[in-house]
Amino acid sequence: MGLKVYNSLSRQLEEFTPQNHGNVSIYSCGPTVYDYIHIGNARTALVTDIIRRYLVYKGYTVKLVQNLTDIDDKIINRAHTLGISASELAHANGLAYFEDTQRLGIQPADVHPKATEHITEMIDLIQILIDKGAAYVVDGSVYYRVNSFSDYGKLSRRKPEDLLAGARVEVDERKEDPRDFDMWKAAKPGEPFWESPWGQGRPGWHIECSSMAMKHLGETIDIHLGGEDLLFPHHENEIAQSELATGVPFARYWVHVAFLKIGGKRMGKSEKNFILLREALDKYPPAVIRHFLVSAHYRHPLDYSLESLQTSESALKRLNNCIDTLEKYSVDIDESKDIKNELTTEDASLVSAIEKMQTDFTQAMDTDFNTAQAVGSIFTLVSTINKSIVATNGVSNHIYTRAYKALIETCEVLGIYSNNEDVHAQTNEYLEPVLDLLLDIRQDARNRKDWDTSDMIRDRLIELNIEIQDTKDGSTWKFIS
RNA sequence: GGUGGCGUCGCCAAGUGGUAAGGCCAGAGUCUGCAAAACUCUUAUCGUCGGUUCAAUUCCGACCGCCACCUCCA
């Protein structure tokens with residue numbers, strides 16, 4: 001069964017077939033680096049990351065390109081306010097972007113092109129469009145002549161008259177048509193600029209994506225990703241520029257990520273109702289934030305709240321407990337050995353549950369990357385495993401090991417599992433003998449029914465964020481947060 | 001005005017033309033010296049009204065409510 005992707009261009013689910021067998025090219029619209037990113041921005045970055053991980057999981061070779069818009073009006077204005085140069089601001093926020101996204105476990109793209117490093121390519125593309133009569137120069141600025149592209153509006157399904165009816169379009173007298181947009185903006189005094197055939201200026205927003213996508217991925221890319229707000233006009237304009245210049249389709253599948261909301265409203269920079277990703281990361285582990293973000297399908301709005309994050313934290317605890325328990329049972333297994341004939345009924349039952357999870361997971365992800373459903377399949381298996389462990393019905397360690405591996409593998413596609421062992425490894429090495437000693441002393445006290453002593457040890461440790469867990473197999477300890 | 005989306009258990013959230021995954025919370029248990037932790041069990045007829053159909057939450061229509069894009073915003 002194959003992967004199906006919802007294509008914004010056709011407004012329906014389509015069978016996914018990359019143009020080059022086994023290889024997928026993806027372009028994802030990246031941040032404009034005038035500020036830190038918020039969780040809403042992170043949602044799109046994370047969806048990109050997961051789509052890429054899943055395609056790799058399915059065996060594709062993926063080339064992912066994500067741009068950094070490092071020159072635009074917002075950057076210039078913010079830099080001016082801060083009293084630094086636009087490039088300094090862009091550089092700092094670019095670094096912060098990578099820092100934040102990598103903390104969230106987002107793997108860097110294969111290429112992160114910057115607008116200011118592709119001025120030549122953009123000028124070339126603009127020149128092509130001028131030569132084709134699709135652009136015109138006014139006072140050192142270059143505008144795209146929307147009328148010259150008959151397919152204009154095919155992505156957003158907007159008719160020219162609809163656009164003109166919108167009273168919010170600012171009319172620029174210099175434009176032939178209100179819908180025309182600038183590809184090259186003449187510099188005003190004091191603004192950063194680059195030399196061009198039309199004078200000093202800077203590129204427009206849409207032209208960068210067109211030229212950087214084509215430079216790094218070719219004239220036709222497989223998947224073009226972005227937030228749903230970019231559908232119009234940004235992506236519509238990218239199509240207009242690119243396709244008029246090349247004569248071939250610009251992107252084969254257009255994927256748009258729905259908004260993250262807060263209090264029912266869109267989280268946005270201009271609303272000033274955003275939570276910075278780094279703030280969230282200071283409070284919650286990456287896996288928790290990821291779990292929250294994948295708990296809804298990417299094309300559905302998701303509402304941010306502290307409660308939701310706490311819900312994800314609790315859910316993840318259940319998952320981690322299961323995985324940690326399985327790890328204790330895990331053994332080295334000989335993959336090549338066929339143990340089919342040696343399976344007990346209980347073994348076989350768990351094996352089929354594992355296989356069901358893998359099938360369901362794949363099916364969910366194959367259906368337009370339905371992460372919410374995929375997570376569901378993982379938790380269904382968790383439940384089955386827990387029951388099996390409680391029942392102590394003689395499932396072999398081999399099978400528990402298989403379950404362990406299957407869970408790790410699928411969770412890694414979503415990036416919702418990370419064991420804390422590494423974090424605590426050093427501490428553990430030092431603390432373990434000491435805590436074992438304390439647990440021994442406590443056990444002695446318990447044997448003597450000296451509850452004062454045993455409870456004191458328990459209470460004092462909890463103050464140190466170390467929790468004692470009494471089970472029928474003895475006492476263990478763990479860090480709590 | 002144009003375009004698109006949403007309304008499923010207390011909360012979050014999948015899904016299907018034939019009577020609804022999963023998570024959280026809550027309640028009840030198991031375990032325990034008591035607890036905690038952990039685990040188990042239990043809880044929905046799908047906004048309203050019509051229509052199509054043997055059968056609709058799932059298709060169509062109307063209505064109500066909410067959100068978004070058309071201006072920078074992932």
Side-chain angles (χ1 to χ4, degrees), chain A residues 8 11 28-32 34-35 37-48 72-74 77 153 156-159 161-170 179 205 225-234 236 256-261 264-271 274 291-292 294-297 299-303 305 307-308 310-319 321-322 324-325 360 364 367 370-383 385-387 389-391 446 449-451 454-455 458-459 462 467-473 475-478 480:
Chain A
S8 305
R11 307 256 169 112
S28 179
C29 281
T32 299
Y34 70 102
D35 198 357
I37 62 162
H38 58 64
I39 305 187
N41 301 313
R43 186 180 194 193
T44 303
L46 183 63
V47 168
T48 301
D72 92 318
D73 291 352
K74 291 188 293 297
N77 293 337
S156 58
R157 313 256 166 122
R158 285 173 163 90
K159 300 186 199 75
E161 53 273 28
D162 298 340
L163 295 172
L164 299 178
R168 287 151 71 191
V169 176
E170 195 181 325
R179 298 174 299 155
W205 179 32
L225 275 149
E228 63 176 333
D229 52 334
L230 300 188
L231 193 138
F232 188 87
H234 186 52
E236 193 71 65
H256 290 97
V257 181
F259 292 131
L260 186 75
K261 305 197 293 176
K265 302 281 185 194
R266 170 188 179 174
M267 184 180 287
K269 289 266 169 75
S270 46
E271 313 336 287
F274 54 86
H291 178 275
F292 162 65
V294 303
S295 67
H297 183 85
R299 279 192 288 115
H300 289 278
L302 175 65
D303 214 312
S305 72
E307 292 73 38
S308 294
Q310 279 156 6
T311 295
S312 286
E313 191 170 41
S314 301
L316 232 38
K317 216 167 165 185
R318 178 172 161 81
L319 175 66
N321 283 333
C322 180
D324 290 349
T325 306
D360 289 351
T367 310
N370 193 332
T371 53
Q373 200 169 44
V375 171
S377 69
I378 290 173
F379 275 90
T380 301
L381 179 62
V382 166
S383 192
I385 291 168
N386 283 338
K387 276 177 239 175
I389 290 172
V390 168
R446 294 178 80 200
K449 296 195 193 301
D450 176 3
W451 309 128
S454 71
D455 289 353
R458 185 174 69 193
D459 295 345
I462 204 81
E467 181 181 81
I468 289 182
Q469 294 153 344
D470 295 324
T471 69
K472 55 176 179 255
D473 301 322
S475 301
T476 58
W477 62 273
K478 73 184 269 191
I480 55 171

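Residue numbers start from 1 in every chain, and the chains themselves are labelled A, B, ... in the order their sequence lines are given, proteins ahead of strands. Predicted model only: the values in this text are computed from it and were never measured.
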How many Å lie between [atom1] on [X] and [atom2] on [N], as a whole number?
X	N	atom1	atom2	value
A/H291	B/C12	NE2	P	16 Å
A/F292	B/C12	CZ	C1'	9 Å
A/E307	B/C12	CD	P	10 Å
A/L260	B/A13	CG	P	11 Å
A/R11	B/C69	CZ	C1'	11 Å
A/D229	B/C70	CG	P	8 Å
A/I480	B/A38	CD1	P	10 Å
A/R158	B/C69	CZ	P	10 Å

* To do: By nearest nucleotide on RNA chain B, pick out whichever of A/D455 and A/S377 is the more 5' one.
  =>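 Its nearest nucleotide lies further toward 5', so the answer is A/S377.
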
* To do: Let me know, please, whether A/H38 or A/S295 comes out on the 5' side of the other along RNA chain B by nearest nucleotide.
  =>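 The residue closer to the strand's 5' end, by nearest nucleotide, is A/S295.
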
N or O in side chain of [X] less than 4.0 angstrom from [N] OP1/OP2:
X	N	value
A/R266	B/C69	yes
A/R318	B/G23	yes
A/K159	B/G2	no
A/K387	B/C41	yes
A/N370	B/G15	yes
A/N386	B/A38	no

How far does the [atom1] atom of [N] sit from the matching atom of [M], given to the nearest Å?
N	M	atom1	result
B/C34	B/G15	P	46 Å
B/U8	B/G29	C1'	30 Å
B/C63	B/C25	C1'	34 Å
B/U40	B/A62	C1'	48 Å
B/A36	B/A26	P	12 Å
B/G65	B/G47	C1'	8 Å
B/U52	B/C69	C1'	33 Å
B/U48	B/G27	C1'	33 Å

* **Any donor-acceptor N/O pair under 3.5 Å between B/C73 base and A/S270 side chain** =>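 Donor-acceptor pair under 3.5 Å: yes.
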
* Answer with yes or no whether A/R458 presents, from its side chain, a donor or acceptor under 3.5 Å of a partner atom in the base of B/A35. =>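 Present.
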
* Asked: From A/I39 CD1 over to A/M267 CE, what is the distance, rounded to the nearest 0.5 angstrom?
  ->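 It is 5.0 Å, given to the nearest 0.5 Å.
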
* Asked: To the nearest 0.5 Å, how far apart are OG in A/S295 and NE2 in A/H300?
  ->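 If we round to the nearest 0.5 Å, A/S295:OG and A/H300:NE2 are 12.5 Å apart.
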
* Just call it for A/A372: base, sugar-phosphate, or nothing, with non-hydrogen atoms closer than 4.0 Å on any strand. =>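 Base, at least one base atom sits under 4.0 Å.
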
* To do: Please work out if A/K74 contacts a base, only the sugar-phosphate, or nothing of the nucleic acid, heavy-atom cut-off 4.0 Å.
  =>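 The residue A/K74 makes sugar-phosphate contact but no base contact.
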
* Asked: So, for A/F292 and A/L302, which heavy atoms are closest and what is the spacing to 0.1 Å?
  ->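 That closest heavy-atom pairing would be O-CD2, 3.5 Å.
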
* To do: Return the minimal non-hydrogen interatomic distance between A/F232 and A/S156, and the atom names on each side.
  =>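 In this case the closest contact between A/F232 and A/S156 is CD1-OG, 3.2 Å.
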
* Using the ring of each side chain (for Trp, its six-membered ring), is A/W205 parallel, tilted or perpendicular to A/H234, with breaks at 30° and 60°? ->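 Because their plane-to-plane angle is under 30°, the rings of A/W205 and A/H234 count as parallel.
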
Searching all strands shown, indicate the nucleotide that pairs with [N] (Watson-Crick or G-U wobble; both distances under 3.5 Å).
N	result
B/U53	none
B/A26	B/U42
B/U58	none
B/G1	B/C70
B/G7	B/C64
B/U32	none
B/A37	none

Which nucleotide, [options], lies nearest any side-chain atom of [X]?
X	options	value
A/H300	B/C6, B/C34, B/C25	B/C6
A/A315	B/C67, B/A36, B/G23	B/G23
A/K265	B/G22, B/C69, B/C67	B/C67
A/R446	B/A74, B/C34, B/A21	B/C34
A/C29	B/U40, B/A74, B/C24	B/A74
A/D470	B/C72, B/C34, B/A74	B/C34

* Does the side-chain ring of A/W451 lie flat on the base of B/G33, meaning centres under 5.5 Å and planes less than 30 degrees apart? ->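 Yes.
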
